[in-house]
Enquirer: 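Got a structure for you, written out below as structure tokens; questions coming shortly.
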Amino acid sequence: MTVRVRFAPSPTGYLHVGGGRTALYNYLFAKAKGGTYILRVEDTDEARSTREFEDLQIADLKWLGVHHTEGPDVGGPYGPYRQSERKQIYLDHAHKLIEMNKAYHCFCTEEELEARKKDLPPDENGSYHYDGKCRGLSKDESNKRLAAGEKAVIRLKAPAKTYVLKDHVRGEVNFPEGMVGDFVIIRSGGLPVFNFCNVIDDWLMKITHVIRAEEHLSNTVRQLMVYEAFGATPPEYAHISLLIGKDRQKLSKRHGATSVNQYREETYLPAAMTNYLCQLGWSHPEEKDIFTMDEVAPLFSIDRFNKSPAIFDVEKLNFMNGQHLKKLPIETLLKQADQAVPKDHPYHKQSPEWKMECLNFYKDHILFFKELPESMKVLFDDSFEMTPELTDIFSWETTPKIAEYLVGVVNNLTTPFITAAQFDDWSNHIKNELKIKGKPLFMGMRAVLTAQGHGKELKFILPLTPSEILKKRVNKIAGAMK
RNA sequence: GCCCCCAUCGUCUAGCCCGGUCUAGGACACCGCCUUUUCACGGCGAUAACAGGGGUUCGAAUCCCCUUGGGGGUGCCA
């Protein structure tokens with residue numbers, strides 16, 4: 001049996017990180033089993049679904065590297081893959097159930113239902129199910145009322161029996177008899193309801209494994225009933241734990257960024273995002289924590305899910321982003337940096353060689369691309385501002401000597417950039433001729449050359465600083481020291 | 001209310017199914033130290049958990065029950 005899995009989002013908003021994780025697991029499982037991963041759009045909530053959100057979600061999935069081989073945008077042998085385009089299929093199947101006497105039209109209005117619920121004794125109020133008033137209606141009677149234009153929903157006759165679900169992460173889950181009543185499968189407007197079309201589609205699309213969030217666990221009993229009504233075999237299930245916020249409540253906007261899109265805009269790496277998401281509820285068999293999806297795909301198994309909910313905490317994501325950033329090949333680094341650095345930044349005016357050197361250095365010092373402009377500030381900033389720290393350094397007797405020497409050599413520079421070797425010559429000169437070493441040497445040089453009391457290694461920073469900037473800055477500093 | 005699920009360091013988790021090798025391992029964060037061309041990276045180290053109570057057993061983080069806590073469902077949302 002070849003594995004077929006799907007991710008079935010509702011296009012009612014941006015792709016949620018939890019959705020991204022579910023999609024990722026399905027994708028990984030398909031890859032591990034040599035199966036097929038498909039994307040199905042569940043847009044039966046007409047009021048909230050839009051095509052824009054569908055496109056945005058697909059774009060985010062693509063960014064994550066979760067690629068489907070069947071879906072609304074690419075087609076496939078089991079299409080259409082948009083539920084709004086499958087209405088007739090659901091209707092036909094619902095009518096089949098009516099013919100089989102496993103479903104029926106119900107003419108009760110919401111007001112009637114509400115009124116009858118109120119009449120119930122208070123203790124039964126909580127577990128109210130549809131009372132089955134229309135269940136016994138004859139087909140003639142139903143057809144007559146339908147013909148007269150009366151609105152009706154279609155309800156499935158819920159069998160009075162217990163159901164057992166064998167779930168890959170929960171184990172055996174028992175659903176006692178009477179847990180649900182006759183539930184709606186087709187709304188009065190003719191649109192199907194999630195618990196119905198989801199099953200029809202999984203069945204017709206030959207889905208073998210359903211990996212989805214735990215919030216669907218309780219509802220699974222309704223879906224089992226639909227499979228049973230058709231005499232179909234349900235797929236295997238794996239209900240994964242939910243993602244929650246710091247306060248252990250369902251992850252929502254108040255916990256910060258919850259959509260994949262937001263992380264994308266904040267220049268997070270998709271490799272870091274997928275690495276992090278993958279480990280929120282699943283563990284690597286060899287206990288590795290930094291890995292790529294290509295590395296983990298062959299090892300991915302449905303049996304290593306953790307049952308408890310996981311708190312989405314960006315701290316570890318940040319760490320992982322730094323780790324993946326370091327490993328990026330230089331071509332990718334260049335491409336990403338071009339996008340992440342603002343267009344008007346002098347970075348863009350530099351040569352390809354310079355950029356390469358610059359990124360090779362900074363990749364080890366940043367966590368995100370968005371830090372790049374700020375980190376590079378010292379390379380292009382010729383402004384100077386006196387700080388208590390600098391005042392202190394300038395007051396040392398060694399510093400004016402260093403300044404005198406450096407002003408001389410810097411002003412005599414003829415090349416656009418200095419080399420690391422040149423920098424070594426400077427420091428050696430100060431050490432050997434001026435007899436200054438240790439802290440006074442390096443702090444002094446840093447203060448005179450960068451106007452900062454601290455920062456990254458001068459040996460790497462200075463060769464990336466244009467000589468022109470260096471000259472302006474050093475002269476300003478020298479002036480201020482007098 | 002009723003039903004279902006869950007419970008190991010602050011966080012993500014390993015171990016649990018198949019009790020002993022667990023004075024519970026790793027990672028992030030935090031703290032300390034090393035490097036000192038300083039931050040970061042890296043290296044080393046420290047603090048830190050089996051929710052509580054009963055069983056079963058020679059022995060329980062691991063099996064059973066209860067309590068507590070948390071989450072989900074209970075829709076003509078998905």
Side-chain angles (χ1 to χ4, degrees), chain A residues 8-12 19 42-45 47-49 83 106 108-110 113 122-129 151-155 165 167 169-171 173-176 178-181 183-195 197-198 212-222 239 241-242 244 246-250 276 279-290 303-304 306-320 322-323 326 362-367 371 375 423 427 438-439 441-443 445-446 452-461:
Chain A
S10 287
T12 55
E42 308 218 328
D43 53 352
T44 54
D45 185 347
R48 296 195 300 143
S49 299
Q83 292 188 328
C106 167
C108 300
T109 63
E110 283 183 66
L113 258 21
D123 57 318
E124 277 181 44
N125 238 289
S127 56
Y128 173 79
H129 297 316
K151 287 254 183 201
V153 299
I154 299 178
R155 288 181 188 273
L165 168 68
D167 190 274
V169 1
R170 309 283 146 194
V173 181
N174 292 290
F175 300 108
M179 188 173 160
V180 298
F183 58 94
V184 173
I185 56 174
I186 302 286
R187 294 182 253 220
S188 54
L191 275 176
V193 126
F194 162 75
N195 281 123
C197 49
N198 188 268
R212 49 150 61 147
E214 197 201 326
E215 54 190 322
H216 294 290
L217 186 58
S218 298
N219 273 149
T220 307
V221 67
R222 293 163 208 263
H239 285 93
S241 58
L242 251 25
I244 56 180
K246 278 204 180 73
D247 53 1
R248 309 210 71 95
Q249 302 288 115
K250 200 168 176 177
Y276 178 65
Q279 285 191 101
L280 241 32
W282 185 83
S283 58
H284 192 288
E286 290 154 27
E287 289 196 55
K288 284 194 179 146
D289 28 45
I290 303 293
D303 301 314
R304 291 194 65 83
N306 189 305
K307 297 184 200 188
S308 20
I311 294 179
F312 186 93
D313 181 7
V314 281
E315 301 240 42
K316 201 162 187 172
L317 207 209
N318 293 348
F319 164 78
M320 286 187 168
Q323 295 296 311
K326 284 184 225 320
Y362 277 110
K363 74 173 190 328
D364 292 334
H365 300 268
I366 59 172
L367 250 30
E371 290 176 41
S375 297
F423 172 77
S427 42
K439 187 177 173 182
L441 166 66
F442 291 107
M443 290 288 273
M445 287 185 80
R446 180 183 295 283
Q452 303 288 323
H454 54 85
K456 308 215 188 318
E457 285 182 43
L458 292 174
K459 193 175 177 175
F460 295 105
I461 283 187

Enquirer: Could you let me know what B:C16 is paired to, Watson-Crick or G-U wobble, both distances under 3.5 Å, or none if it's on its own?
Expert: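 Base partner found: none.
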Enquirer: Taking the side chain of A:K316 as heavy atoms from C-beta outward, which of B:C28, B:A14, B:C4 is closest to it?
Expert: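 Given the options B:C28, B:A14, B:C4, the side chain of A:K316 is closest to B:C28.
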Enquirer: Before giving the answer on side chain to side chain contact (heavy atoms under 4.5 Å, CB included), spell out for A:D289 and A:Q323 the whole-Å C-alpha distance, their side-chain angles and the decisive distance to 0.1 Å.
Expert: CA-CA 11 Å; A:D289 28 45; A:Q323 295 296 311; over 6 Å; no
Enquirer: Which nucleotide sits closest to the side chain of A:V153: B:G25, B:U13, B:C76?
Expert: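 Among B:G25, B:U13, B:C76, the one nearest the side chain of A:V153 is B:C76.
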Enquirer: Out of B:A78, B:C12, B:G72, which nucleotide sits closest to the side chain of A:S218?
Expert: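 Output: B:G72.
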Enquirer: Any non-hydrogen side-chain atom of A:M445 less than 4.5 Å from a side-chain atom of A:S427?
Expert: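 Counting from C-beta outward, A:M445 and A:S427 do come under 4.5 Å.
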Enquirer: Scan A:H239 against the nucleic acid and name what it touches under 4.0 Å (heavy atoms): base, sugar-phosphate only, or nothing.
Expert: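 Counting heavy atoms under 4.0 Å across all strands, no contact is made by A:H239.
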Enquirer: Of all heavy-atom pairs between A:S241 and A:N306, which one has the smallest distance, and what is that distance?
Expert: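 What the structure gives for the nearest pair is OG-O, 3.5 Å.
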Enquirer: Measuring from A:R222:CZ to A:N198:CG, what's the distance to the nearest 0.5 Å?
Expert: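 Those atoms lie 13.0 Å apart.
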Enquirer: Which value, in whole Å, describes the distance between the C1' atoms of nucleotides B:G59 and B:G45?
Expert: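 Straight-line distance between the two C1' atoms is 34 Å.
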Enquirer: On RNA chain B, compare the nucleotides closest to A:P192 and A:L280; which residue's is nearer the 5' end?
Expert: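 With A:P192 and A:L280 compared, the 5'-side residue is A:L280.
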Enquirer: Mind checking A:T44 for me? I need base, sugar-phosphate or nothing, with any heavy atom below 4.0 Å counting as a touch.
Expert: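 It contacts sugar-phosphate atoms only.
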Enquirer: Which listed nucleotide (B:A78, B:C5, B:C6) is nearest to the side chain of A:L217?
Expert: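 Closest of the options to the side chain of A:L217: B:C5.
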Enquirer: In whole Å, what is the span from the CG atom of A:N174 to the P atom of B:C6?
Expert: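 Value for this atom pair: 12 Å.
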Enquirer: Measure from the side chain of A:I311, starting at C-beta and using heavy atoms only, and say which of B:C4, B:U11, B:G26 lies closest.
Expert: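 Comparing B:C4, B:U11, B:G26 against the side chain of A:I311, the answer is B:U11.
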Enquirer: Using the P atoms only, state how far B:C17 lies from B:A61, rounded to an integer number of Å.
Expert: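 The same atom, P, in both gives a distance of 12 Å.
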Enquirer: Counting only side-chain nitrogens and oxygens, does A:R304 get under 4.0 Å of the OP1 or OP2 atom of B:G15?
Expert: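 Yes, because at least one side-chain N or O of A:R304 sits under 4.0 Å from OP1 or OP2 of B:G15.
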Enquirer: Within less than 4.0 Å of OP1 or OP2 of B:A14, is there a side-chain N or O belonging to A:S283?
Expert: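 For B:A14, OP1/OP2 do have a side-chain N/O of A:S283 under 4.0 Å.
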Enquirer: From CG of A:L242 over to P of B:C12, roughly how many Å is that when rounded to an integer?
Expert: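 Interatomic distance, CG of A:L242 to P of B:C12: 13 Å.
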Enquirer: Counting side-chain heavy atoms from C-beta on, which of B:A78, B:C4, B:C5 comes nearest to A:P176?
Expert: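 Within the option list, the nearest is B:C4.
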Enquirer: Tell me: CD of A:E214 to P of B:G72, nearest whole Å?
Expert: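 Value for this atom pair: 9 Å.
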Enquirer: Select from A:L317 and A:V169 the residue whose nearest nucleotide in RNA chain B is closer to the 5' end of that strand.
Expert: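 Result: A:V169.
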Enquirer: Counting only Watson-Crick or G-U wobble pairs whose two distances fall under 3.5 Å, which nucleotide matches B:C41?
Expert: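 Base-paired to nothing in any strand shown.
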Enquirer: Please state how far atom NE2 in A:H129 lies from atom C1' in B:G1, giving the value in whole angstrom units.
Expert: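 It works out to 12 Å between those atoms.
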Enquirer: Heavy-atom distance under 4.5 Å between the side chains of A:V173 and A:V221, does that happen here?
Expert: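 Heavy-atom side-chain distance check fails, nothing below 4.5 Å.
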Enquirer: Heavy atoms from C-beta onward define the side chain here; which of B:C12, B:A27, B:A78 lies closest to that of A:A310?
Expert: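 The answer is B:C12, which lies nearest to the side chain.
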Enquirer: If I pick the P atom on B:A51 and the same atom on B:A46, what distance separates them, to the nearest angstrom?
Expert: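 Comparing P positions in B:A46 and B:A51 gives a spacing of 25 Å.
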Enquirer: Evaluate side chain to side chain contact (heavy atoms under 4.5 Å, CB included) for A:I290 paired with A:F319, printing each intermediate quantity in order.
Expert: CA-CA 10 Å; A:I290 303 293; A:F319 164 78; 4.1 Å; yes
Enquirer: Begin with the C-alpha distance, continue with both residues' side-chain angles, and end with the deciding distance and a verdict on salt bridge (charged side-chain N to carboxylate O under 4.0 Å, His left out) for A:E457 and A:K459.
Expert: CA-CA 5 Å; A:E457 285 182 43; A:K459 193 175 177 175; over 6 Å; no
Enquirer: Distance check needed: B:G73 P versus A:M179 CE, whole Å only.
Expert: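 It is 12 Å, rounded to the nearest whole Å.
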Enquirer: Check every atom of B:C5, B:C6, B:A27 against the side chain of A:V173 and return the nucleotide holding the closest atom.
Expert: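 Of the candidates, B:C5 comes closest.
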Enquirer: Determine the contact category for A:R155: base if any of its heavy atoms lies under 4.0 Å from a base atom, sugar-phosphate if only primed atoms, P, OP1 or OP2 are that close, otherwise nothing.
Expert: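 Contact class for A:R155: none.
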Enquirer: Any N or O donor-acceptor pair under 3.5 Å from the base of B:C76 to the side chain of A:S188?
Expert: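 Check passes, donor-acceptor contact within cut-off.
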Enquirer: Considering only atom C1', compute the distance from B:C6 to B:G43 and round it to an integer number of Å.
Expert: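 B:C6 and B:G43 have their C1' atoms separated by 39 Å.
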Enquirer: Could you write nucleotides 34-50 of chain B as a row of B, S and -, 5' to 3', where a protein heavy atom under 4.0 Å of any base atom gives B, of only sugar-phosphate atoms gives S, and otherwise -?
Expert: ---BBBBSS--------
Enquirer: Return the pairing partner of B:G1 with a 3.5 Å limit on both distances, Watson-Crick or G-U wobble; otherwise return none.
Expert: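 With both distances under 3.5 Å, B:G1 matches B:U74.
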Enquirer: Counting the atoms with a prime plus P, OP1 and OP2 as sugar-phosphate, which does A:E287 contact under 4.0 Å by heavy atoms, base, sugar-phosphate, or nothing?
Expert: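 The residue A:E287 makes base contact.
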Enquirer: Any N or O donor-acceptor pair linking the side chain of A:E215 to the base of B:G71 at under 3.5 Å?
Expert: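 Answer no: no donor N or O sits under 3.5 Å from an acceptor.
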Enquirer: Taking B:A24 as the reference, what is the distance to B:U62 when you measure between their C1' atoms (whole Å, please)?
Expert: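 Going atom to atom, C1' in each nucleotide, I get 11 Å.
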Enquirer: Check whether any side-chain heavy atom of A:P285 lies under 4.5 Å from a side-chain heavy atom of A:R304, and answer yes or no.
Expert: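 In contact.
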Enquirer: Base, sugar-phosphate, or nothing: which does A:R212 touch, judged by heavy atoms less than 4.0 Å apart?
Expert: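 Contact class for A:R212: none.
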Enquirer: Within a radius of less than 6.0 Å around NZ of A:K288, do more than 12 heavy atoms belonging to other residues, nucleotides or ligands occur?
Expert: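 No, the 6.0 Å shell around NZ holds no more than 12 heavy atoms from other groups.
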Enquirer: A:N195 has an atom CG; how far is it from atom P of B:G75, in whole Å?
Expert: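 Rounded to whole Å, this separation is 11 Å.
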Enquirer: CD1 of A:I186 versus P of B:G75: gap in Å, rounded?
Expert: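 To the nearest whole Å, that distance equals 18 Å.
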Enquirer: Nearest to the side chain of A:S308, which nucleotide is it out of B:A14, B:G26, B:C6?
Expert: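 Taking heavy atoms from C-beta onward, the closest nucleotide is B:C6.
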Enquirer: Between atom CZ in A:R222 and atom P in B:C4, what is the gap in whole Å?
Expert: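 After rounding, the reported distance stands at 14 Å.
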Enquirer: What distance, rounded to whole Å, do you find between the two P atoms, one in B:G52 and one in B:U36?
Expert: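 About 47 Å, rounded to a whole number of Å.
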Enquirer: Could you tell me which non-hydrogen atom of A:F442 sits nearest to which non-hydrogen atom of A:L458, and how far apart they are?
Expert: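 That would be O-CD1, 4.1 Å.
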Enquirer: Write down the distance separating the C1' atoms in B:C22 and B:C9, rounded off to the nearest Å.
Expert: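 It comes out at 15 Å once rounded to the nearest Å.
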Enquirer: Pick base, sugar-phosphate or nothing for A:N318, based on heavy-atom distances below 4.0 Å to the nucleic acid.
Expert: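 No contact.
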Enquirer: At less than 4.0 Å, is any side-chain N or O atom of A:N306 found next to OP1 or OP2 of B:A14? Yes or no.
Expert: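 So the side chain of A:N306 is within the cut-off, an N or O lying under 4.0 Å from OP1 or OP2 of B:A14.
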Enquirer: Return the minimal non-hydrogen interatomic distance between A:H129 and A:V180, and the atom names on each side.
Expert: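 That closest heavy-atom pairing would be CE1-CA, 3.7 Å.
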Enquirer: For A:G281, answer base if it contacts any base atom (sugar-phosphate contacts may also be present), sugar-phosphate if it contacts only those atoms, and nothing otherwise; contact means non-hydrogen atoms under 4.0 Å.
Expert: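 Sugar-phosphate only.
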Enquirer: Taking B:C16 as the reference, what is the distance to B:C63 when you measure between their C1' atoms (whole Å, please)?
Expert: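 B:C63 and B:C16 have their C1' atoms separated by 10 Å.
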Enquirer: Any donor-acceptor pair under 3.5 Å joining the side chain of A:N219 to the base of B:A78?
Expert: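 Looking at the base of B:A78, it does pair with a donor or acceptor on the side chain of A:N219 (distance under 3.5 Å).
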